[in-house]
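For reference, the structure is listed below as structure tokens.
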Amino acid sequence: MESNVPLAPLTTFGIGGPARYFCRVTTVEELRQSLDDARDKNLRVQIFGGGSNVLVRDEGFNGLVIKIELPGIVREGDTLVAGAGESWDGVVARAVHEGLWGIENLSGIPGTVGGAVVGSIGAYGQAAAQTVAWVEVLLNGERVRLNNSECGFGYRMSAIAGVVVRAAFALTPHGAPEASYVPELAGGSLADIRRAILATRAGKFPRLAEEGTAGSFFKNPILPPGEAKRLQERYPGLPVFSMPEASGVKIPLAWLLDKVLGLKGFCVGGARLYERQPLVIAAKKGCSARDVEHLARAVEEMMEERFGIAIEREVKTI
Ligand code: NAP
């Protein structure tokens, strides 16, 4: 266990203070040991994957941060079984390389396999949850295997308890492009689709070498169909999307922030709503967690005042 380890370099935001204690685990046994140590020393525990969906407070984390680095991707039939510490995009790349369909639209999403299943990632009409065969967690010192329905997947959330150590994704060699969000994907090969999605994402998110970000900071609001229709009547042109992972209708928050509130580029200190995708908060070098927090609160208040919609955050503050 190391002490006073800066967390900013371990996150894509590049912001925040140190962890009082920190360790990396590459085996389930190391993970079990670290959790036991934390319990014996009465330390709070924070699990870290790729650090792509977290905002670390300026004062840091007063406890033990455990970074999950459990490795391995194995093919079993048409299923890919991956360690929780593998990069999610590495799993997608492997699937595409092996001619397996089901997660190609999820190309280029940052973070680890563990983060991907716990956060129930989705993009461009696909959701990782649709392919999950099982998830293995370490819970109260026991390795437990959860099948898909036991994971309680919803929109950008799951009910998975414990620390994810492995997950299995059931794919198919006989798939077809999922082109309902992006019609240009129709007819493409797996490699074409991956290339197109990577290019789209590259145009939408800040370049991490230049600025920090945790991708979409807020979740898109999910409204009952009737409410979404009333909003569409008030704001003609507002697109709505049905969802693979939950009931209700998804409203593109970015559209409301841009077309109605005119908030593209809106900034507080070093934090601003990214010009090309205002759901994303971009952080200049030197930006503090406080700047991000103030910006996020301002957006939340404007959404509440103007539309009566209480938006939720996708990014977790630590
Ligand atoms: P991370 O940011 O390091 O951690 C985020 C949270 O995920 C942690 O606070 C922890 O939640 C949980 N977590 C991570 N690994 C876990 C594991 N092995 N077992 C249990 N919980 C775990 O995570 P990450 O690896 O970078 O992944 C972040 C997620 O956000 C990924 O799904 C990433 O793809 C997604 N993301 C999506 C987009 C998008 O555009 N859709 C953009 C950016 C990121 P608790 O604190 O509750 O334990």
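Numbers here simply count residues along the sequence, with the first being 1. Counting starts at 1 for both ligands and their atoms, following the listed order. Note that this is a predicted model, so its numbers are computed, not measured.
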remark   = Looking only at heavy atoms, the pair that brings Leu185 and Ala196 closest together is CD2-CB, 3.8 Å
Separation between CZ of Arg234 and CZ of Phe307, rounded to the nearest 0.5 Å = 7.0 Å
query = Where does the angle between the aromatic ring planes of Phe169 and Trp88 fall among parallel (under 30°), tilted (30 to 60°) and perpendicular (over 60°)?
reply = perpendicular
query = Which ligand 1 atoms are under 4.0 Å away from a heavy-atom of Gly111?
reply = 24 (P), 25 (O), 26 (O), 27 (O)
request  = Among all protein heavy atoms, pick the one closest to atom 8 (C) of ligand 1 and tell me residue, atom and distance.
outcome  = Ile47 O, 3.5 Å
query = Would the number of heavy atoms belonging to other residues, nucleotides or ligands and lying under 6.0 Å from CZ of Arg290 be above 12?
reply = no
message = If we check side chain to side chain contact (heavy atoms under 4.5 Å, CB included) with Cys23, which of these qualifies: Asp37, Leu64, Val65?
response = Leu64
message = Looking at Leu100, is its backbone amide N or carbonyl O close enough to the side chain of Glu98 to form a donor-acceptor pair, meaning the two atoms are under 3.5 Å apart?
response = no
key: Nearest-contact summary for atom 35 (C) of ligand 1 - protein heavy atom, Å   = Ile121 CG2, 3.8 Å
inquiry  = Minimum distance, heavy atoms only, to atom 21 (N) of ligand 1: which one of Val280, Ile318, Val118, Thr317 is it?
reply    = Val118
message = Counting non-hydrogen protein atoms only, what is the nearest one to atom 44 (C) of ligand 1? Give residue, atom name and distance.
response = Ser52 OG, 3.5 Å
query = Which of the atoms of ligand 1 are close to Phe48, meaning less than 4.0 Å from one of its heavy atoms?
reply = 3 (O)
key: Residues, nucleotides or ligands: over 12 heavy atoms within 6.0 Å of Asp40 CG   = yes
query = For atom 4 (O) of ligand 1, which candidate among Val54, Leu138, Ile66 holds the nearest heavy atom?
reply = Val54
request  = Decide whether an N or O pair under 3.5 Å exists between Pro110 and ligand 1.
outcome  = yes
message = Do the side chains of Arg94 and Glu86 get close enough for a salt bridge, i.e. N-O under 4.0 angstrom?
response = no
request  = Select one of side chain, backbone, both or neither to describe which atoms of Arg201 lie under 4.0 Å from any atom of ligand 1, heavy atoms only.
outcome  = side chain
query = Is Val164 in polar range of ligand 1, meaning some N or O pair under 3.5 Å apart?
reply = yes
remark   = Closest heavy-atom pair, Lys219 versus Arg156, reported as atoms and distance to 0.1 Å, is NZ-O, 3.7 Å
ask   = Which heavy atom of the protein is the closest neighbour of atom 24 (P) of ligand 1, given with residue, atom name and distance?
value = Gly50 N, 3.3 Å
ask   = Can you check whether Gly114 has an N/O within less than 3.5 Å of an N/O in ligand 1?
value = no
query = Heavy-atom count around Glu142 CD within 6.0 Å, excluding the residue itself: above 12?
reply = no
query = If we only count N/O pairs under 3.5 Å, is Arg156 in contact with ligand 1?
reply = no
message = Below the 3.5 angstrom mark, is there an N/O of Thr112, backbone or side chain, next to an N/O of ligand 1?
response = yes
request  = Report, in ascending order of atom number, the atoms of ligand 1 lying under 4.0 Å from any heavy atom of Ala214.
outcome  = 43 (C)
key: Contact atoms of ligand 1, heavy-atom distance to Lys316 under 4.0 Å   = 9 (O), 45 (P), 46 (O), 47 (O)
Cationic N near anionic O, under 4.0 Å, Arg297 to Glu293 = yes
ask   = Going by atom types only, do Glu30 and Ser34 share a side-chain donor-acceptor pair under 3.5 Å?
value = no
request  = Considering only non-hydrogen protein atoms, determine which one is nearest to atom 1 (P) of ligand 1 and report residue, atom name and distance to 0.1 Å.
outcome  = Gly51 N, 3.5 Å
note = heavy-atom search around atom 9 (O) of ligand 1 in the protein gives Gln46 NE2, 3.0 Å
inquiry  = Taking 4.0 angstrom as the limit and counting only heavy atoms of Val163, give me the atoms of ligand 1 inside it, by number and element.
reply    = 19 (N), 20 (C)
message = According to a hydrophobic-cluster definition based on side-chain heavy atoms being under 4.5 Å apart (Ile, Leu, Val, Met, Phe, Trp, Tyr only), do Ile121 and Val182 belong together?
response = yes
message = For atom 2 (O) of ligand 1, what is the closest protein heavy atom, and at what distance to 0.1 Å?
response = Asn53 N, 2.8 Å
key: Numbering as shown, the atoms of ligand 1 that approach Glu314 to under 4.0 Å (heavy-atom distance)   = 37 (C), 38 (C), 39 (C), 41 (N)
ask   = Could any protein non-hydrogen atom be found less than 4.0 Å from atom 6 (C) of ligand 1?
value = no
query = So, Asp89 and Ser87: side-chain donor and acceptor under 3.5 Å apart, yes or no?
reply = no
ask   = Between Ser120, Gly119, Gly115, which one has a non-hydrogen atom sitting closest to atom 31 (C) of ligand 1?
value = Gly115
